[in-house]
K.L.:
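I'd like to ask you about the structure that follows.
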Amino acid sequence: MYRVTLKCLALKFLLLISLFSSRFRTCDARQSVYWKGNRRSIAEGESSGTINVLDYGAKGDGTSDDTKAFEDAWKEACKVEGSTLLVPSGSTFLVGPVSFLGKECKENIVFQLEGKIIAPTSSSAWGSGLLQWIEFKSLKGITIKGKGIIDGRGSVWWNKSPDYDPVDESESITRNDMMKDQLSTKMPRTKPTALRFYGSNGVTVNGITIQNSPQTHLKFDNCISIQVSDFTTSSPGDSPNTDGIHLQNSQDAVIYRSTLACGDDCISIQTGCSNIYIHDVDCGPGHGISIGGLGKEKTKACVSNITVRDVTMHETTNGVRIKSWQGGSGSVKQIMFSNIQVSEVANPIIIDQYYCDGGGCHNDTSAVAVSNINYINIKGTYTKEPVRFACSESLPCTGISLSTIELKPATEKASLRDPFCWEAHGELKTKTLPPIQCLKTQKSPGAASKSYNDAC
């Protein structure tokens, strides 16, 4: 009897230990899915490397200032290589001008944009004017992806004569002041780019939409190894200077499977760019795909190895264009425009070495050299002029090649304009429609030697 009682007590003791251990493990498991300090639990699909802006004070109600919450979440994400900063769906975040810096940041950070970010429309938010709204700077391996939207709410900037509404400098501008509902629509003359990457290596943009940017939607400056895919811009065709994608001093970029609607160039390629590959892009409205303008204010411009293929353009002012200012130097070379479908495009093919935006330009003998430009399989309709090669008298265009060009007038008025050539040298590899009889097919020794003098 005594032995049986001891056995029972031992069994009960073991059972209590088992129950206690089980409860402890359950508590520990629950604790592992919660942030410290009563922060939100990790949502399904998130990992311990995911930093949710809602956990850092963001309200996501579209009216509260969430800038500091984004900055704090970024600082936390930067501590762990390959971490993800999450902007969750179902919320609208009002964010002022912000820079996400990489000086103390680990590599391969992901900015997961599923919700919506909107810009302030108060003039006090922008001071005397800023060049960008959201900036990622000096990063290695930075990705911004998702199904979310960045909305620049640019309509307040698009009036014909924006003017800065000055603020008394003796008064400090708080974030609440910045985000107050606006009584004034006067904005600084300097309009910001919506999203800018600067000085970064290994940049990926995938899936997101940028709409109604005050100026350029997406800009890459001094970046290497860029990939843009499934990207959308959406702004009215009459919104001023709202380029879709702008590249300068950047190399090794691929842009594909994207839809670009804006009020300026769908894609703008500027000086210092090389090894740029663009394909499967839909452009319109907008000003087409442009290289330049280059050489402004007598600067040297260098652009090389650019391929644009499998692109559709509809109701744009230009198709594929190279433009440079008189007085510049440098070169544009090794350019391929292939499989371009145009529909009611004003000027499908353009080289303009007399580009002058705003008037008041003077004739100059120096120019950015243009050579080895290939046009293959460009078809569709135009409304103004099918082909225009306006090249420098002192530095003619060389190495222009045209094959399978079929451009038909969309209206009777357009049919009255013939292709125009001035000091353009090259080769017609097939018959063209309309016939491009103005191209100089005899090689000019003088032109060729001059073009090499300004090679980059």
Side-chain angles (χ1 to χ4, degrees), residues 43 46 50-78 83-101 109-122 124-126 130-137 139 142-157 175-176 178-182 187 191-198 203-220 228 230-235 239 242 244-245 258 261-262:
E46 295 183 28
T50 297
I51 309 299
N52 191 325
V53 294
L54 293 175
D55 298 325
Y56 289 80
K59 302 299 183 184
D61 57 14
T63 57
S64 302
D65 175 19
D66 289 326
T67 310
K68 188 176 186 304
F70 273 65
E71 292 172 338
D72 291 345
W74 175 258
K75 289 177 182 178
E76 192 67 24
C78 276
S83 64
T84 296
L85 188 153
L86 175 65
V87 182
S89 61
S91 298
T92 298
F93 301 91
L94 179 60
V95 177
V98 60
S99 291
F100 299 114
L101 305 179
I109 306 299
V110 176
F111 192 99
Q112 186 79 33
L113 177 61
E114 301 298 340
K116 186 175 185 179
I117 300 174
I118 60 174
T121 54
S122 166
S124 61
W126 304 97
L130 295 172
L131 294 176
Q132 59 271 327
W133 168 28
I134 300 171
E135 178 184 43
F136 290 87
K137 184 176 181 180
L139 291 153
I142 175 66
T143 295
I144 177 168
K145 66 177 183 176
K147 299 178 181 178
I149 296 172
I150 295 174
D151 188 346
R153 302 204 284 181
S155 60
V156 296
W157 301 82
R175 290 190 183 277
N176 286 334
M178 181 182 77
M179 300 300 174
K180 283 180 180 177
D181 262 345
Q182 300 75 25
M187 304 298 283
K191 302 179 183 70
T193 289
L195 177 61
R196 180 195 188 214
F197 292 89
Y198 179 83
V203 181
T204 299
V205 177
N206 173 258
I208 68 167
T209 295
I210 303 178
Q211 64 189 30
N212 301 320
S213 178
Q215 193 162 267
T216 299
H217 289 76
L218 175 62
K219 179 181 285 188
F220 298 95
V228 180
D230 300 295
F231 171 65
T232 300
T233 61
S234 178
S235 289
S239 56
T242 54
I245 301 174
S258 295
C262 55

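Keep in mind that what you see is a predicted model, and the values were worked out from it rather than measured.
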K.L.:
Where is the tightest heavy-atom contact between Ala77 and Leu85, given as atom of each residue plus distance?
P.N.:
CB-CB, 4.3 Å
K.L.:
Taking only residues two or more places apart in sequence or in another chain, which ones pass side-chain hydrogen bond (donor to acceptor under 3.5 Å, both in side chains) with Glu135?
P.N.:
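side-chain hydrogen bond (donor to acceptor under 3.5 Å, both in side chains) list for Glu135, sorted by chain: Ser99, Arg196.
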K.L.:
Could you grab the distance from atom OG1 of Thr233 to atom CD1 of Ile245, nearest 0.5 Å is fine?
P.N.:
7.0 Å
K.L.:
In this structure, which one of Asp65, Thr67, Leu54 forms a side-chain contact (heavy atoms from CB on, under 4.5 Å) with Phe93?
P.N.:
Leu54
K.L.:
Does Leu101 offer a backbone N or O that forms a donor-acceptor pair with the side chain of Trp74 under 3.5 Å?
P.N.:
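Yes, because the side chain of Trp74 sits within donor-acceptor range (under 3.5 Å) of the backbone of Leu101.
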K.L.:
Determine which pairs satisfy side-chain hydrogen bond (donor to acceptor under 3.5 Å, both in side chains) with at least one residue from residues 210-220, sequence neighbours left out, and list them in order.
P.N.:
Asp151-Gln211, His217-Ser235
K.L.:
Could you measure the distance from the OG1 atom of Thr193 to the OH atom of Tyr198? Nearest 0.5 Å is fine.
P.N.:
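If I round to the nearest 0.5 Å, the distance is 14.0 Å.
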K.L.:
Grab the two heavy atoms, one from Ser83 and one from Cys78, that are nearest each other, plus how far apart they are.
P.N.:
OG-N, 4.5 Å
K.L.:
Answer whether the closest heavy-atom distance between the side chains of Trp157 and Ser239 falls below 4.5 Å.
P.N.:
no
K.L.:
Tell me the closest heavy-atom pair linking Phe136 and Leu139, and the distance in Å.
P.N.:
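Shortest heavy-atom separation between Phe136 and Leu139 comes out as CB-CD1, 3.8 Å.
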K.L.:
Just verifying a value: how many Å separate Cys262 SG and Ile210 CD1, rounded to the nearest 0.5 Å?
P.N.:
11.5 Å
K.L.:
Can you tell me if Ser122 uses its side chain to pair, donor with acceptor, with the backbone of Ser124 under 3.5 Å?
P.N.:
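Here the side-chain-to-backbone pair exists.
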K.L.:
Just by distance, no angles: are the side chains of Asn206 and Thr204 close enough, under 3.5 Å, to form a donor-acceptor pair?
P.N.:
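No, no side-chain donor-acceptor pair sits under 3.5 Å.
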K.L.:
Nearest 0.5 Å please: distance from the OG atom of Ser89 over to the CG atom of Leu113.
P.N.:
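So the OG of Ser89 and the CG of Leu113 are separated by 10.5 Å.
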K.L.:
Any side-chain heavy-atom pair from Phe220 and Val228 closer than 4.5 angstrom?
P.N.:
yes
K.L.:
Does some side-chain heavy atom of Ile134 sit less than 4.5 Å from a side-chain heavy atom of Ile150?
P.N.:
yes
K.L.:
Does any part of the side chain of Ile118, heavy atoms only, come nearer than 4.5 Å to the side chain of Thr92, both counted from C-beta?
P.N.:
yes
K.L.:
With rounding to the nearest 0.5 Å, note down the distance linking CD in Gln112 to OG1 in Thr143.
P.N.:
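With rounding to 0.5 Å, CD (Gln112) is 9.5 Å from OG1 (Thr143).
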K.L.:
For Ala69 and Ala58, work out which heavy atoms get closest and say how close.
P.N.:
CB-N, 3.3 Å
K.L.:
For the residue pair Gly152 and Trp133, what are the closest heavy atoms and their distance?
P.N.:
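Of all heavy-atom pairs spanning Gly152 and Trp133, the closest is CA-CZ3, 3.7 Å.
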K.L.:
What's the verdict on side chain to side chain contact (heavy atoms under 4.5 Å, CB included) for Phe197 and Val205, showing C-alpha distance, side-chain angles and the deciding distance?
P.N.:
CA-CA 10 Å; Phe197 292 89; Val205 177; 3.8 Å; yes
K.L.:
Rounded to the nearest 0.5 Å, how far does CG of Leu195 lie from CZ of Phe111?
P.N.:
9.0 Å
K.L.:
Grab the two heavy atoms, one from Phe231 and one from Ile208, that are nearest each other, plus how far apart they are.
P.N.:
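Nearest pair, atom of Phe231 first, then Ile208: CD1-O, 3.4 Å.
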